[in-house]
Amino acid sequence: MYQPSSRKEADMRLDSQVLDLETAVKDGILGGNCGVISTGFGLKKLDLKLMVEELESIDMPTVFICPISLEPMRDPVTLCTGQTYERSNIVKWFSLGHYTCPTTMQELWDDSVTPNKTLQQLIYSWFSQKYLAMKKRSEDVQGRVKEVLENLKKVKGQARVQALKELRQVVQAHGTALKTVAENGGIAFISSLLGPFTTHAVGSEVIGILVNFNLDLDSKSDLLQPAKISLIVDILNEGSIETKINCTRLIGMLMEGNDFASQNVASLSLLVGLLRNSFVNVGAVPQLVELMPGLNNECLELVLCILELLSSIPEGRLALKDCPNTIPNVVKLLMKASENCTQLALSILWSICKFAPEECASLAVDAGLAAKLLLVIQSGYDPVLKQRSAELLKLCSLNFTDNIFISKYETRASVPSSATA
């Protein structure tokens with residue numbers, strides 16, 4: 001309920017209660033236009049108690065506040081001294097044996113109370129206007145959230161960053177926005193924007209949005225995918241202070257509950273992400289590379305996730321480049337196991353080839369990368385994955401111009417219709 005910010009403010013309210021109602025209306029204290037209004041809810045009358053509770057933080061006219069409880073009056077009555085109080089409060093005052101006016105401490109020459117219908121009507125009218133305005137703003141917020149969610153499905157690049165930034169600001173400011181996002185499948189959609197090729201600008205905004213929600217088990221499980229954990233850890237290590245805080249909060253949310261222990265791949269990936277420099281320093285990269293050919297799909301995905309995490313830092317990329325079997329072993333995995341393995345393998349190859357293009361391009365092409373990339377481009381895989389394959393093929397062609405195979409397919413790979421869709 002309504003609470004004054006200080007004793008001094010409370011005293012000011014008590015003093016202002018001396019103003020009579022006619023003066024308050026004349027001076028504009030009640031904000032004008034305080035007559036009866038149409039509620040827009042048909043014949044259903046708005047409940048004053050409900051409106052007072054939902055508008056508790058609003059700055060209301062002081063003449064609406066009972067000097068005894070310092071809360072808004074719903075049934076105001078006036079004493080013979082001219083002072084007005086909430087009926088239940090003044091009745092209780094009398095029941096305690098007090099026959100004075102609580103505000104002026106004057107002895108009462110008449111203990112009767114008179115219902116102040118005019119003030120009651122003004123209070124009801126004022127709260128009704130504020131309440132309906134609040135509801136309209138809430139509806140506007142819901143509409144804006146839906147509009148932004150639809151827009152996010154269409155835009156990319158900086159436009160996507162701006163749309164996410166707007167959504168983050170809305171959900172942080174309005175509780176109704178959180179509900180609207182959840183009811184319209186927004187959590188799953190926003191989470192889907194996180195992946196191995198997501199920019200840090202987009203990822204930071206997505207994480208800033210997700211930390212405002214109470215995530216269910218399905219949402220946590222989705223965010224615990226290796227590729228998403230990798231991105232979260234990258235952003236944690238390289239983001240702004242605010243972003244680092246949000247990443248830490250999200251990681252804490254994902255670790256809550258008993259189900260986290262069963263997420264072996266994700267939990268180990270998270271551990272590697274947080275301690276990745278140590279993994280490089282102890283020489284774990286060559287050992288993991290040599291293990292890949294003999295692993296089953298589940299273990300292979302785990303190893304690829306770890307190597308993909310390590311490829312995001314300079315020390316890790318150098319260790320992967322210097323290992324002679326990294327490129328041949330990773331190239332063999334493209335289109336061989338799951339789509340997720342192909343995605344992780346492609347991310348590793350992109351990091352290494354971008355890191356040392358002249359040295360790695362020839363090794364990758366000799367290992368059969370061009371043919372594998374063309375298969376990915378022509379597959380039914382995710383368009384983003386196809387686009388990255390086309391970019392990697394172009395990178396290799398620019399740094400290995402003597403190869404006839406690359407030259408033959410360069411034009412086809414640079415403008416794949418399915419990859420740019």
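Excluded from the calculations below are hydrogen atoms, water molecules and symmetry mates; all remaining heavy atoms, backbone and side chain alike, are included.
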Rounded to the nearest 0.5 Å, how far does [atom2] of [Y] lie from [atom1] of [X]?
| X | Y | atom1 | atom2 | answer |
| --- | --- | --- | --- | --- |
| E359 | I352 | CD | CD1 | 10.5 Å |
| K321 | L363 | NZ | CG | 9.5 Å |
| S125 | Q120 | OG | CD | 12.5 Å |
| L374 | K372 | CG | NZ | 12.0 Å |
| R87 | C66 | CZ | SG | 12.5 Å |
| S88 | D75 | OG | CG | 8.0 Å |

Which residues satisfy the salt bridge (Lys or Arg N to Asp or Glu O under 4.0 Å) test with [X], sequence neighbours excluded?
| X | result |
| --- | --- |
| E339 | none |
| D322 | none |
| E86 | none |

Side chain to side chain contact (heavy atoms under 4.5 Å, CB included) evaluation trace for L369 with L393: CA-CA 8 Å; L369 177 63; L393 188 55; over 6 Å; no
Which heavy atom of [X] sits nearest to which heavy atom of [Y], and what is that distance?
| X | Y | result |
| --- | --- | --- |
| G208 | N246 | CA-ND2, 3.7 Å |
| S389 | L346 | OG-CD2, 3.3 Å |
| V384 | F197 | CG1-CD1, 3.6 Å |
| L304 | C341 | CD1-O, 3.7 Å |
| K354 | P357 | O-CD, 3.6 Å |
| V161 | A201 | CG2-CB, 3.9 Å |

Any salt bridge linking [X] with [Y]? Criterion: basic side-chain nitrogen under 4.0 Å from a carboxylate oxygen.
| X | Y | value |
| --- | --- | --- |
| R160 | E205 | no |
| K228 | E308 | no |
| E391 | K394 | no |

Does [X] reach the side chain of [Y], with side-chain heavy atoms less than 4.5 Å apart?
| X | Y | answer |
| --- | --- | --- |
| P102 | I90 | yes |
| L320 | F355 | no |
| L349 | L392 | yes |
| E301 | L295 | no |
| C360 | I327 | yes |
| H200 | T243 | no |
| I209 | V206 | no |
| R74 | I123 | no |

Residue pair L164, R168: steps toward the side chain to side chain contact (heavy atoms under 4.5 Å, CB included) verdict: CA-CA 6 Å; L164 286 167; R168 176 171 59 84; over 6 Å; no
Polar contact flag, side-chain donor to acceptor under 3.5 angstrom, T78-Y85: no
Listed partners of S219 passing side-chain hydrogen bond (donor to acceptor under 3.5 Å, both in side chains), at least two apart: D216
Pair L395-C353, side chain to side chain contact (heavy atoms under 4.5 Å, CB included): steps then yes or no: CA-CA 8 Å; L395 177 66; C353 292; 3.8 Å; yes
Audit row: I207, I235, side chain to side chain contact (heavy atoms under 4.5 Å, CB included) steps and yes/no: CA-CA 9 Å; I207 292 169; I235 295 174; 3.9 Å; yes
Acceptor/donor pairs from residues 188-195 side chains to any protein atom, 3.5 angstrom cut, sequence neighbours excluded:
residue	atom	partner	partner atom	Å
S191	OG	I187	O	2.9
S192	OG	F189	O	2.4

Does [Y] offer a backbone N or O that forms a donor-acceptor pair with the side chain of [X] under 3.5 Å?
| X | Y | result |
| --- | --- | --- |
| T84 | P76 | no |
| D222 | D218 | no |
| T180 | T176 | yes |

Greater than 12 external heavy atoms within 6.0 Å of N214's CG: no
Results of side-chain contact (heavy atoms from CB on, under 4.5 Å) for K244 - residues two or more places apart only: L236
